[in-house]
Amino acid sequence: MDPSPSIAIIGAGPSGLVFARLLEINGITDYVVFERDESSTPVPGQQGGTLDLHSTSGQLALKRAGLFDKFSKDLARWDAACFRILNSTGDTVVNFTEIGDRPEIDRLQLRQLLLDSIPAEKIRWGHGVSSIERKANGDTAGNAEICIIHFRNGTSSTGFRLIVGADGTWSKVRPLLTSAKPVYSGKMYIDSALSHDNPSYPLATELVGKGNTLALGEEKMIAVQQLGDASYRVYFGLVVPEDFYPRSYCADSDANARTESMRSRLLSSNELFANYAPHLKGFIENSEGPFRSWPLYYMEPEQVGWERNAGGGVTLLGDAAHVSTPFAGEGVNCSMLDAVMLLDSIVEYCGKSVSLAHVERSSLETALAAYEKDMFVRGQNLIRESSENGEKLFSKDATTRLFEIFGGDDGKNATGAADYQQK
């Protein structure tokens with residue numbers, strides 16, 4: 001590794017890794033990725049679900065990264081681009097048997113694909129950021145100020161010409177640019193799993209198949225999606241206070257006790273799922289714990305943005321810049337496109353096969369300003385669309401309002417549902 005990299009990427013999620021890969025293949029190799037996880041080995045219970053990659057964003061990013069062929073041949077589940085919508089009584093409202101060019105991939109698989117494309121020595125595991133300090137009085141390059149990154153492991157690092165925050169909702173980089181903070185949406189998912197020998201597995205196979213199913217109504221939902229190993233993730237979506245269920249995951253007796261208590265609560269209250277159809281409640285009865293909560297946050301769209309002259313040598317990607325609720329289906333796709341747009345701007349104004357240590361600061365600032373101008377609009381639009389969709393999906397008459405999302409009462413929509421059956 002270059003002993004003095006000029007670019008620090010905070011976070012080894014999709015946006016940070018796409019950006020690192022794009023730097024690598026464009027000859028800008030003096031970068032380092034700092035990641036809080038101790039290694040690439042997934043933490044039990046936090047592997048996440050599956051996501052669909054869109055042709056104009058996620059797929060485009062993989063093409064630009066030279067990874068699309070491997071994705072397409074080895075990892076993409078082209079036959080999983082389908083989903084079924086049920087009401088709370090378990091009746092099928094609409095069955096989208098094809099949703100255009102949106103292949104699914106497990107989040108873990110996407111991460112590993114990107115990790116494998118970057119030299120292993122460029123990633124520093126176990127480097128969760130505790131804070132970043134701006135320090136005046138210049139450095140050896142004559143800059144007006146420098147940033148010192150302090151890590152939870154007690155170490156620190158400095159001397160970077162560019163710090164890219166790709167560290168998600170609770171970004172430690174964001175405060176260098178703006179005082180804006182995410183706010184709780186009022187909505188939460190509690191997630192669990194169904195393994196192959198689970199009593200509800202045959203029903204999941206029937207209702208969900210290789211894709212996704214949503215059971216909607218009464219301001220709540222049950223979402224089920226198949227993963228690459230043909231197991232299922234199950235999410236119970238609720239409109240509840242932020243402290244409704246502990247967020248932390250740990251596989252101990254307390255976690256198991258909390259899971260069973262929550263399972264009983266979900267099944268015994270009409271405010272929750274007691275009035276859902278018996279076979280749908282089976283997903284709650286049989287889902288495998290420990291349960292883990294996923295509170296949904298978002299940025300106020302008008303707070304997405306900052307003055308470039310206040311952000312010397314720092315910018316953000318993805319959720320760090322414009323966290324939204326997941327109801328537009330664009331979060332990861334948008335973050336991967338951010339990485340492409342940032343790379344393109346740097347190449348345009350700073351060049352390929354360069355070290356940012358040798359680039360005029362004014363050129364770098366111009367590149368960042370050009371990237372951010374479009375990114376702010378893209379992020380604001382994503383937040384608004386997702387928030388609007390979330391209100392419809394969690395309404396009392398969600399299955400009726402669903403068609404507002406898909407562009408009309410016939411179920412055909414801008415995302416390209418080519419074939420559907422309304423029942």
Side-chain angles (χ1 to χ4, degrees), residues 1-35 40 57-72 110-125 127 139-143 146-147 149 157-167 173 308 311-318 320 335-375:
M1 180 184 294
D2 187 326
S4 302
S6 63
I7 304 172
I9 302 169
I10 311 300
S15 61
L17 293 177
V18 168
F19 183 60
R21 169 64 177 175
L22 293 173
L23 288 173
E24 187 75 31
I25 64 177
N26 280 275
I28 307 174
T29 59
D30 61 333
Y31 68 88
V32 60
V33 181
F34 293 109
E35 168 54 38
S40 60
S57 48
Q59 290 182 46
L60 171 65
L62 292 183
K63 289 176 181 177
R64 291 287 304 277
L67 300 173
F68 183 77
D69 287 347
K70 181 172 180 56
F71 162 75
S72 180
L110 176 62
R111 189 190 202 198
Q112 195 61 52
L113 173 67
L114 293 168
L115 284 173
D116 290 343
S117 73
I118 301 166
E121 67 272 15
K122 294 293 183 73
I123 302 181
R124 297 185 185 176
W125 300 100
H127 278 71
D139 61 11
T140 57
N143 300 319
I146 59 174
C147 291
I149 306 173
S157 190
T158 190
F160 301 105
R161 294 297 298 276
L162 173 63
I163 297 176
V164 178
D167 50 341
V173 183
R308 186 66 244 154
V314 180
T315 194
L316 304 175
L317 296 173
S335 74
M336 294 171 72
L337 183 60
D338 284 351
V340 173
M341 297 296 101
L342 177 57
L343 182 282
D344 284 351
S345 196
I346 289 174
V347 168
E348 178 179 355
Y349 292 98
C350 303
K352 289 186 176 183
S353 302
V354 298
S355 168
L356 291 192
H358 304 134
V359 170
E360 291 289 335
R361 180 166 291 277
S362 60
S363 298
L364 176 58
E365 288 299 304
T366 300
L368 298 182
Y371 154 70
E372 289 169 353
K373 181 180 179 181
D374 291 335
M375 181 269 286

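For clarity, every value in this text was computed on a predicted model and none was experimentally measured.
Between the side chain of Arg21 and the backbone N or O of Ser117 there is at least one donor-acceptor pair closer than 3.5 Å. Panel note: side chain Ser6, backbone Ser355; no donor-acceptor pair is recorded below 3.5 Å. Remark: the backbone N or O of Ala357 is paired with a side-chain donor or acceptor of Arg161 at under 3.5 angstrom. With hydrogens and angles ignored, the 3.5 Å screen pairs no side-chain donor or acceptor of Ser72 with any backbone N or O of Phe68.
Heavy atoms only, all atoms of each residue included: Ser40 and Leu115 are closest at CB-CD1, 3.8 Å. Taking all atoms of both residues into account, the shortest heavy-atom contact from Leu316 to Tyr371 is O-OH, 2.7 Å. In this structure, Gly165 and Ala320 approach most closely via the heavy-atom pair O-CB, 3.5 Å. Leu337 and Ser57 get closest at one heavy-atom pair: CB-CB, 4.1 Å. Smallest separation of non-hydrogen atoms from Arg308 and Gly313: NH2-N, 3.7 Å. When all heavy atoms of Val314 and Leu162 are compared, the pair lying nearest together is N-CD1, 4.4 Å.
In this structure, Val354 and Val359 have side chains that are in contact, with non-hydrogen atoms separated by less than 4.5 Å. Counting only heavy atoms from C-beta outward, the side chains of Leu23 and Thr29 never approach each other to under 4.5 Å. Contact of the Asp344 side chain with the Leu22 side chain is not registered, since no non-hydrogen atoms from C-beta on lie closer than 4.5 Å. Between Val18 and Arg64 the shortest side-chain heavy-atom distance does not fall below 4.5 Å. Contact annotation: the side chain of Asp338 never approaches that of Ser15 to less than 4.5 Å [non-hydrogen atoms, C-beta and beyond]. A 4.5 Å side-chain heavy-atom check between Ile163 and Ile9 finds every atom pair outside the cut-off. Contact annotation: the side chain of Glu365 never approaches that of Glu360 to less than 4.5 Å [non-hydrogen atoms, C-beta and beyond]. Looking at heavy atoms from C-beta onward, Val32 lies in side-chain contact with Phe160 at the 4.5 angstrom threshold.
Of the residues listed (Leu114, Val33, Leu317), the one engaging Phe19 in a side-chain contact (heavy atoms from CB on, under 4.5 Å) is Leu317, and it is the only one. The salt bridge (charged side-chain N to carboxylate O under 4.0 Å, His left out) with Glu35 is formed by just one residue from the set Arg124, Lys122, Arg111; it is Arg111.
A distance of 12.0 Å separates CG in Asn26 from SG in Cys350, rounded to the nearest 0.5 Å. Residue Leu17 holds its CG atom at 5.5 Å from CD1 of Ile123, rounded to the nearest 0.5 Å. Remark: Thr366 OG1 to Glu348 CD distance equals 10.0 Å, nearest 0.5 Å. Note: Leu67 CG to Gln59 CD = 13.0 Å, rounded to the nearest 0.5 Å.
For the pair Lys63 and Asp69, the salt-bridge criterion is not met [side-chain N within less than 4.0 Å of a carboxylate O].
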Quiz item: Given the rule in the side chain to side chain donor-acceptor pair (under 3.5 Å) test, do Glu372 and Thr315 qualify, once you have shown the distances and angles that lead to the verdict?
Solution: CA-CA 8 Å; Glu372 289 169 353; Thr315 194; 2.7 Å; yes
Practice problem: Step by step, work out the side chain to side chain contact (heavy atoms under 4.5 Å, CB included) result for Leu113 and Lys70. | Solution: CA-CA 8 Å; Leu113 173 67; Lys70 181 172 180 56; 3.7 Å; yes
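A tilted orientation is assigned to the rings of His127 and Phe34, their planes being inclined by 30° to 60°.
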